[in-house]
Amino acid sequence: MKKRLALITLISLIMIFIFPMFAWAAEEGIDTGDTAWVIISTALVFLMIPGIALFYGGMVRQKNVLNTMMMSFICLGVVTILWLVYGYSLAFGPDISKFIGDLSYFGLKGVGLEPTGTIPHQLFVVFQMMFAVLTPALITGAIVERMRFPAFLLFLVLWTTLVYDPICHWVWGGGWLMELGALDFAGGTVVHISSGISALVAALVLGRRKGYGTERMVPHNIPYVVLGAALLWFGWFGFNSGSALAANGLAASVFINTQLATGAALMSWVMAEWLRHGKPTMLGAASGAIAGLVAITPACAFVTPMGSLAIGLVAGILCYFTVSYVKVKMGYDDSLDVFGIHGVGGMWGALATGLFSVAEGAEGLFYGNAAQLGIQAVSVAATIVFASVATFVILKVVGAITRLRVDDEAEILGLDVNEHSERAYSV
Amino acid sequence: MVKIEAVVRPGVLEDIKDGLSKYGIHGMTVAQVMGCGLQKGRKEVYRGTEYSINLLPKVKIEIVAADKDADGVVEVIIKAARTGEIGDGKIFITKIENAIRIRTGEKGDAAV
């Protein structure tokens, strides 16, 4: 009996003194508040993916809504696997020549719960993974209603690997743009310019939809679009504020800047179309909000609230002008205006960062440092050139392996039935 | 017997139904339809691109009535549907050879 009591006492002492030491050792440097915020932010960014599925799904014709949603949703499967197997390593692994990460983290080897800043390394991996999933999902808006699903899957794998991962490394993973001093807080260059430019190239390579310009191709469900835009706006707080990687004043400043620019762009888009067409539209309000969110993304941590207001006001007008005038004049069929909103909004946001930044040591042109605008312009130009050339080559390779477009009959019948044997609405 | 098909503005349906009910006509078939006539349609704008919408939403009411009721039904419809503006709609009247109530097998005027 005495022996048993002694053993229990010994085990208890071990548990009291040793286990907390392990726990302390595992969490040294990790801040619970920061970790909680980034976990929530990760979930918020996740919500943007079904958000984009609804946003895009409502804008296509009834016969293509499921295919459109599927293109966004499938990214959650494909890119999740790619990111955890090798994508994270290419983007954030130890640098090779300032261009790409190496494969040290292949299969998340050596990536555990040790702190990265004040959060666990694995949490940083999954937070960044949501960005990697969302970015190609944005591109799909330019190619919907005509691209074959198998061709899209192959494009998705190649684009994520050859375009997203390198650009992510350039800007955030220790690559050459980061070293140059380019500012992109939450993905203006990495996410929006890369996807917007690639979307334009993909729309040009695929060609216009059958009947484009002659048939009426209007959104089949604008309430879906509004719901999707609302989810995107909500999720964007995680996208931008979460990029502070901490629950601190910077995250709060980013939050207010995000809200202000978005509200401003919503209003300027609506006012522009009200003046031009005599009525404010719901689709315009939703589109303007997204344009504002895109434009403030690179700048949100570096500008004052009034700087955000200016960025948002210009973004709404600029993106409205691109989709309502430039697209019509140029005649390209970017189905859901990915280039007009994400490409142009992203470029404006990246350049506006070089105008309005008040970051110490990286002030913008309006604060006496013209060089920052030059650096921002270099980052925009490099992303445009690299993403467009790489996307063109990838599409040519995919096209050589499998047909890119559905045939005419399938396009008329709709991609829901043709590609998935499903119908969104039974009546 | 005659079939009276009235294509009218959606907003007047309830008034027509009330009028017919008071007149003693309770049977009708109603469908939401799209149509165009003298009315020029309207303009819709999606992201700055204008679309001319020629077909406009209308309601089509089909009533089969005895010959003696035909003029009365038409009067009720006109009274409820006329605004005097373009787009009030049209009424078409055709001869019906027979009608059969499936439940009872009654034929002709008794079936309507």
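So that the names make sense, note that chain A is the first sequence line, chain B the second, and so on, each numbered from 1.
No more than 12 heavy atoms of other residues, nucleotides or ligands shown are found within 6.0 angstrom of CD1 on Ile102(B). The environment of Met330(A) atom CE is sparse: at most 12 non-hydrogen atoms of other residues, nucleotides or ligands sit within 6.0 angstrom.
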For chain B against chain A, give me the donor-acceptor pairs closer than 3.5 Å, one per line with atom names and distance.
| from | atom 1 | to | atom 2 | distance (Å) |
| --- | --- | --- | --- | --- |
| Arg216(A) | NH2 | Glu44(B) | OE1 | 2.9 |
| His277(A) | ND1 | Glu50(B) | OE2 | 2.9 |
| His277(A) | NE2 | Gly48(B) | O | 3.2 |
| Ser287(A) | OG | Arg47(B) | NE | 2.8 |
| Ser287(A) | OG | Arg47(B) | NH2 | 3.1 |
| Leu336(A) | O | Arg47(B) | NH1 | 2.9 |
| Asp337(A) | OD2 | Arg47(B) | NH1 | 3.1 |

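Residue contact with chain B, scored on non-hydrogen atoms closer than 4.5 Å, involves the side chain of Val328(A) exclusively. Only the side chain of Met59(A) comes within less than 4.5 Å of a heavy atom of chain B; its backbone N, CA, C and O stay farther away.
For residues 309-323 of chain A, the set of pairs meeting the salt bridge (Lys or Arg N to Asp or Glu O under 4.0 Å) definition, not counting sequence neighbours, is empty.
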